[in-house]
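Counting from 1, the numbers follow the sequence of the chain as shown.
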Amino acid sequence: MAAAERIAGQLRSTGLKITLAKPAFEDYTLALEQGKFDLYLGEVVLSADFDLSSLLLPDAQLNYSRWSDTAVAPLLSMYRASQGTQRSINARMLYSYLAQELPISPICFKNGCVLTRWGRLSGLEPVRGNVFYHLNGWTII
């Protein structure tokens, strides 16, 4: 709520009339599912392959506004199917297009991952949102 209140305050400072609803979580999710909102603040955790389908495709689970753009599916498909240098090129094309068209404003991006040499660490049990889960059980070999 602190983030939502801050964003609402910043929007008000531009002269916009803002009403900030503070529903219970169940009511919040119901409003999202029914599309009963003008603007919402939410968190999305993407899969390891950074697949944006759940946000971008018209009938996708997290596309609450039901935003639709016929150019996005082919760009997303090309990005997901490519590798190496071509994947970087396709990613730039997709993200460049989205920067111009997408009705989503990322506020923050965090990449939670652990990189280590193969066989040098045992007991690693990262979970979504905490790559250091059970840190006391890690053993460096």
Side-chain angles (χ1 to χ4, degrees), residues 1-140:
M1 282 310 303
E5 288 170 352
R6 184 169 185 158
I7 292 167
Q10 290 174 347
L11 291 171
R12 283 186 193 106
S13 73
T14 67
L16 294 174
K17 184 177 178 183
I18 302 296
T19 302
L20 179 60
K22 300 177 183 181
F25 185 74
E26 297 79 19
D27 295 331
Y28 171 78
T29 55
L30 183 61
L32 288 177
E33 291 167 2
Q34 294 176 347
K36 294 182 178 178
F37 60 90
D38 293 317
L39 176 72
Y40 79 93
L41 176 64
E43 177 184 21
V44 173
V45 179
L46 297 173
S47 56
D49 63 355
F50 206 70
D51 183 2
L52 298 170
S53 298
S54 63
L55 290 166
L56 301 178
L57 298 179
D59 293 324
Q61 177 184 6
L62 300 175
N63 183 356
Y64 296 116
S65 66
R66 296 297 168 235
W67 176 75
S68 181
D69 186 320
T70 57
V72 171
L75 288 168
L76 184 58
S77 182
M78 287 188 323
Y79 164 70
R80 293 178 62 209
S82 57
Q83 296 179 1
T85 304
Q86 189 60 50
R87 186 172 177 89
S88 295
I89 292 167
N90 290 346
R92 259 185 256 114
M93 288 173 29
L94 172 63
Y95 301 135
S96 176
Y97 186 80
L98 292 177
Q100 299 297 317
E101 302 296 330
L102 188 64
I104 295 174
S105 297
I107 295 173
C108 176
F109 175 78
K110 178 181 173 186
N111 185 0
C113 62
V114 178
L115 301 175
T116 182
R117 290 187 73 174
W118 188 259
R120 298 296 308 254
L121 187 63
S122 69
L124 184 65
E125 298 179 45
V127 296
R128 181 176 284 178
N130 184 2
V131 295
F132 300 109
Y133 182 72
H134 281 160
L135 177 64
N136 61 341
W138 295 12
T139 304
I140 299 173

Give me the atom names and distance for the closest heavy-atom approach of A60 to S53.
CB-O, 3.1 Å
Side chain proximity check, L52 to L98, heavy atoms < 4.5 angstrom:
yes
Shortest non-hydrogen separation from D27 to P23 and the atoms involved
CB-CB, 3.8 Å
Of all residues at least two apart in sequence or in a different chain, which pass the side chain to side chain donor-acceptor pair (under 3.5 Å) check with Y97?
D69
Return yes if some donor-acceptor pair links the side-chain N/O of R80 with the main-chain N/O of D51 below 3.5 Å, else return no.
no
Could you tell me whether a side-chain N or O of S77 sits under 3.5 Å from a main-chain N or O of A73, the two making a donor and an acceptor?
no
Can you establish whether the number of heavy atoms outside F37 located under 6.0 Å from its atom CZ is more than 12?
yes
Once rounded to the nearest 0.5 Å, what's the spacing between atom CG of L39 and atom CD1 of I7?
7.5 Å
Taking side chain to side chain donor-acceptor pair (under 3.5 Å) as the test, write out the residues that go with E101, two or more places apart.
none
Salt bridge (charged side-chain N to carboxylate O under 4.0 Å, His left out) pairs, two or more places apart, involving residues 53-66:
none
Side chain to side chain, N63 and L57, heavy atoms closer than 4.5 Å:
no
Of all the heavy-atom pairs spanning E125 and W138, show the shortest one and how long it is.
N-NE1, 4.1 Å
Please examine the side chains of E26 and L30, heavy atoms only from C-beta on, and report whether any two atoms are closer than 4.5 Å.
no
Indicate yes or no for a side-chain donor-acceptor contact from T14 to the backbone of L11 under 3.5 Å, with no hydrogens or angles considered.
yes
Rounded to the nearest 0.5 Å, how far does OH of Y79 lie from OH of Y95?
4.0 Å
pair L94-N90: side-chain heavy atoms closer than 4.5 Å
no
Point-to-point distance, once rounded to the nearest 0.5 Å, from OG of S88 to CE of M93
12.5 Å
Using 4.0 Å as the upper bound for N to carboxylate O, is an ion pair formed by E5 and R12?
no
Can you name the closest pair of heavy atoms from P74 and T70 and give their distance?
CD-O, 3.2 Å
Should L55 and W67 count as side-chain neighbours, where that means a heavy-atom distance under 4.5 Å?
no
Give a yes or no on this: more than 12 heavy atoms of other residues, nucleotides or ligands lie within 6.0 Å of atom CD of Q34.
yes
